[in-house]
Amino acid sequence: AQSVAQPEDQVNVAEGNPLTVKCTYSVSGNPYLFWYVQYPNRGLQFLLKYITGDNLVKGSYGFEAEFNKSQTSFHLKKPSALVSDSALYFCAVRDGGSRRTYKYIFGTGTRLKVLA
Amino acid sequence: EAQVTQNPRYLITVTGKKLTVTCSQNMNHEYMSWYRQDPGLGLRQIYYSMNVEVTDKGDVPEGYKVSRKEKRNFPLILESPSPNQTSLYFCASSPGTPRVEQYFGPGTRLTVT
């Protein structure tokens with residue numbers, strides 16, 4: 001069965017420091033992996049995705065993520081955090097190798113708090 | 001402007017009173033989906049639709065119905081709402097290929113008393 005785990009409910013980081021938001025997944029086929037961000041009282045916005053190719057993908061607002069097949073992880077990273085990055089972050093997966101391809105599984109979300 | 005719209009944005013209702021939350025997209029997307037967001041549980045997929053007249057259950061379909069009679073619209077129907085359906089609901093759409101990200105609506109906050 002497909003699943004996504006975001007092991008940290010909240011991550012606190014000082015402004016200017018690097019940040020990492022963790023995500024691990026489980027699918028039976030090839031994973032299509034996504035990160036979304038939710039600001040207060042807003043819908044989700046797409047940040048970046050891994051479909052195939054380079055393991056390091058770059059996305060919006062200076063975020064990047066590294067796909068690690070052996071560890072089944074897709075951690076979100078940013079070299080230097082901004083206070084404005086404070087939001088709720090969701091990892092999501094679709095199974096690209098089965099008839100379940102059209103189902104999305106989201107993680108429980110990680111709240112990122114960047115301290116000035 | 002390309003967007004997904006939902007109505008209403010806020011709704012307070014009573015147990016058993018049928019309601020419909022509308023969702024519309026103007027991007028000619030084949031794929032549409034409904035999610036509910038609950039604290040500690042993240043987003044859970046209720047129903048999705050690959051195209052007109054093609055729908056399938058997500059992970060939490062009980063108590064909900066959907067229909068897809070037109071490509072742009074994907075209403076969510078609660079025939080007999082219960083308090084455990086109090087939640088924040090999001091509609092999303094994307095092109096037909098699963099390699100493309102979803103576009104989300106602004107959300108509908110539903111309270112069932």
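Just so we're on the same page: letters track the sequence lines, and every chain starts at 1.
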Which of the residues A:Val4, A:Thr108, A:Ile105 is involved in the greatest number of heavy-atom pairs with chain B at under 4.5 angstrom?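 Among the listed options, the one with the most contacts to chain B is A:Thr108.
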Just give me the residue among A:Ile51, A:Leu88, A:Thr52, A:Leu44 that pairs up with chain B most often, heavy atom to heavy atom, under 4.5 Å.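 If we count pairs closer than 4.5 Å to chain B, A:Leu44 comes out on top.
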Checking heavy atoms, do the side chain of A:Gln38, its backbone, both or neither come under 4.5 Å from chain B?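 A:Gln38 touches chain B through side-chain heavy atoms alone.
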Does a donor on one side chain sit under 3.5 Å from an acceptor on the other, for [X] and [Y]?
X       : Y       : value
A:Ser70 : A:Asn68 : yes
B:Thr22 : B:Gln6  : no
B:Tyr48 : B:Tyr35 : no

Does B:Arg9 CZ have over 12 foreign heavy atoms under 6.0 Å away?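 Check passes, neighbour count above 12.
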For chain A, find which of [options] contributes the most heavy-atom pairs closer than 4.5 angstrom.
options                    : value
B:Leu43, B:Leu41, B:Leu88  : B:Leu43
B:Asp59, B:Val4, B:Asp56   : B:Asp59
B:Cys91, B:Pro106, B:Ser94 : B:Pro106

Would A:Phe106 and A:Tyr104 count as a close aromatic pair, with their ring centres under 6.0 Å?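 When the ring centroids of A:Phe106 and A:Tyr104 are compared, they turn out to be within the sub-6.0 Å range.
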